[in-house]
Amino acid sequence: MASTEAEYKSSSTPPPPAGVDYFKFDVILRFLLLGASVAAIAVIVTSDQTVIVNFLGMPVPQPAKFKYSPAFIYFLAAFCVSGLYGLISALASISVIQKPEFKLKFLLHFIFWDALILGIIASATGSAGSVAYLGLKGNSHVHWTKICNVYGKFCRHIAGSVAVALFSSIVTVMLIWLSAYTIHSRVPK
């Protein structure tokens with residue numbers, strides 16, 4: 001044992017740096033991504049509202065549903081993918097904690113996949129947010145009227161869903177930064 005230790009000390013190559021291990025924080029963020037994705041899905045799916053409007057003197061039910069807008073359908077699909085990814089990546093991150101020899105490889109994969117998911121949910125949030133803004137303010141230049149003064153519940157649900165989606169985007173950015181920082185801390189200086 002002493003000879004091995006002496007050989008190690010006289011070796012010209014230093015041991016690889018230990019780096020900082022943030023995988024427990026990574027698991028927490030991935031479960032936050034899962035929870036936020038599920039919350040965004042639940043809020044937008046429950047956004048349907050029907051109001052009674054007068055049409056030629058007769059009361060007519062007029063529904064507002066998220067499935068009437070392609071932007072909201074894309075939002076729903078994107079966050080279904082994000083939620084599934086959050087679950088799978090959280091389980092993978094837990095397995096990396098149990099088998100630390102695969103950490104660096106998983107970190108590289110996480111950065112690539114996290115960036116892809118960030119692109120998907122950011123674009124879905126932007127498209128849903130722009131449609132929601134048109135519903136809130138309208139556009140007088142093209143004669144699109146605002147609808148949030150009529151469909152209050154529907155607009156509140158859409159706004160809540162977009163807010164949770166923005167939180168999901170921030171969590172995903174934090175995941176990318178965390179993986180990049182962990183890889184950076186492992187690089188010899």
Side-chain angles (χ1 to χ4, degrees), residues 25-90 93 109-181:
F25 190 58
D26 185 76
V27 170
I28 293 168
L29 285 174
R30 292 187 185 282
F31 276 117
L32 268 175
L33 176 63
L34 170 64
S37 297
V38 169
I41 291 167
V43 173
I44 200 165
V45 167
T46 60
S47 67
D48 297 352
Q49 180 182 5
T50 302
V51 296
I52 306 296
V53 295
N54 280 332
F55 183 71
L56 300 175
M58 296 182 350
V60 177
Q62 193 67 33
K65 299 183 179 196
F66 78 93
K67 61 184 172 183
Y68 292 165
S69 170
F72 296 150
I73 293 170
Y74 172 55
F75 181 89
L76 178 70
F79 278 91
C80 286
V81 169
S82 173
L84 180 62
Y85 172 73
L87 177 63
I88 290 170
S89 65
S93 194
H109 289 288
F110 282 158
I111 285 177
F112 295 131
W113 285 105
D114 289 346
L116 176 68
I117 292 298
L118 176 61
I120 291 170
I121 64 176
S123 67
T125 303
S127 65
S130 66
V131 171
Y133 184 79
L134 282 174
L136 178 66
K137 298 288 185 178
N139 188 333
S140 61
H141 300 291
V142 291
H143 304 290
W144 291 342
T145 59
K146 56 185 177 181
I147 64 161
C148 287
N149 55 342
V150 178
Y151 296 101
K153 174 191 172 249
F154 177 75
C155 289
R156 282 191 305 276
H157 276 248
I158 297 300
S161 189
V162 169
V164 173
L166 287 171
F167 175 74
S168 296
S169 296
I170 292 168
V171 167
T172 309
V173 168
M174 289 175 63
L175 282 167
I176 294 169
W177 286 350
L178 182 66
S179 296
Y181 181 75

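Going from atom CG of Leu175 over to atom CD1 of Ile170 covers 12.5 Å, rounded to the nearest 0.5 Å. Rounded to the nearest 0.5 Å, atoms OG (Ser161) and CG (Leu166) are 10.0 Å apart. Rounding to the nearest 0.5 Å places CG of Leu29 at 6.5 Å from CG of Leu178. Between the SG atom in Cys148 and the CZ atom in Arg156 there is a gap of 9.5 Å [rounded to 0.5 Å]. For the atom pair Leu33 CG and Leu87 CG, the distance stands at 10.5 Å (nearest 0.5 Å). Thr46 OG1 to Phe154 CZ: the interatomic distance, rounded to the nearest 0.5 Å, is 11.0 Å.
Annotation: Lys153, atom NZ; neighbour count of heavy atoms from other residues, nucleotides and ligands within 6.0 Å is above 12. Counting heavy-atom neighbours within 6.0 Å of Phe55 CZ, excluding the residue itself, gives a total of 12 or less.
With contacts defined as side-chain heavy-atom distances shorter than 4.5 Å, the pair Ile44/Ile158 qualifies. Counting only heavy atoms from C-beta outward, the side chains of His157 and Phe66 never approach each other to under 4.5 Å. In this structure the side chain of Pro63 never reaches within 4.5 angstrom of the side chain of Asp48, judged on heavy atoms.
A donor-acceptor pair under 3.5 Å is absent between the side-chain atoms of Ser47 and the main chain of Val43, judged by distance alone. Thr125 contributes a side-chain N or O that, together with a main-chain N or O of Ile121, makes up a donor-acceptor pair within less than 3.5 Å.
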Which pairs would a plain distance check flag for residues 129-140, meaning a side-chain donor or acceptor within less than 3.5 Å of a matching protein atom at least two apart in sequence or in another chain?
residue : atom : partner : partner atom : Å
Ser130  : OG   : Gly126  : O            : 3.4
Ser130  : OG   : Ser127  : O            : 2.8
Asn139  : OD1  : His141  : N            : 3.1

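Sequence neighbours left out, not one pair with a member in residues 31-80 passes disulfide bond (SG atoms under 2.5 Å apart). Contacts classified as ring-ring contact (aromatic ring centres under 6.0 Å, His included) and involving residues 70-90 (residues at least two apart or in different chains) are given here: Phe75-Phe79.
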(message) Go through it in stages, so that I can follow the logic: the residues are Met174 and Asp114, the test is side-chain contact (heavy atoms from CB on, under 4.5 Å), and I'd like the CA-CA distance, side-chain angles, deciding distance and then a yes or no.
(response) CA-CA 10 Å; Met174 289 175 63; Asp114 289 346; over 6 Å; no
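For the pair Ala36 and Val164, the tightest heavy-atom approach, listed with the atom from each and the gap, is O-CG1, 3.2 Å. Summarising the geometry of Leu34 relative to Gly86, their closest heavy-atom pair is CB-C, 4.3 Å, with the distance given to 0.1 Å. Gly152 approaches Gln49 most closely through the heavy-atom pair N-OE1, 3.5 Å. Contact between Ala78 and Ala124 at its shortest, heavy atoms only, is CB-CB, 3.5 Å. The two residues Ser179 and Ile111 have their closest heavy-atom pair at CB-CG1, 3.4 Å. Across all non-hydrogen atoms, the minimal contact from Pro61 to Thr50 is CB-CG2, 3.9 Å.
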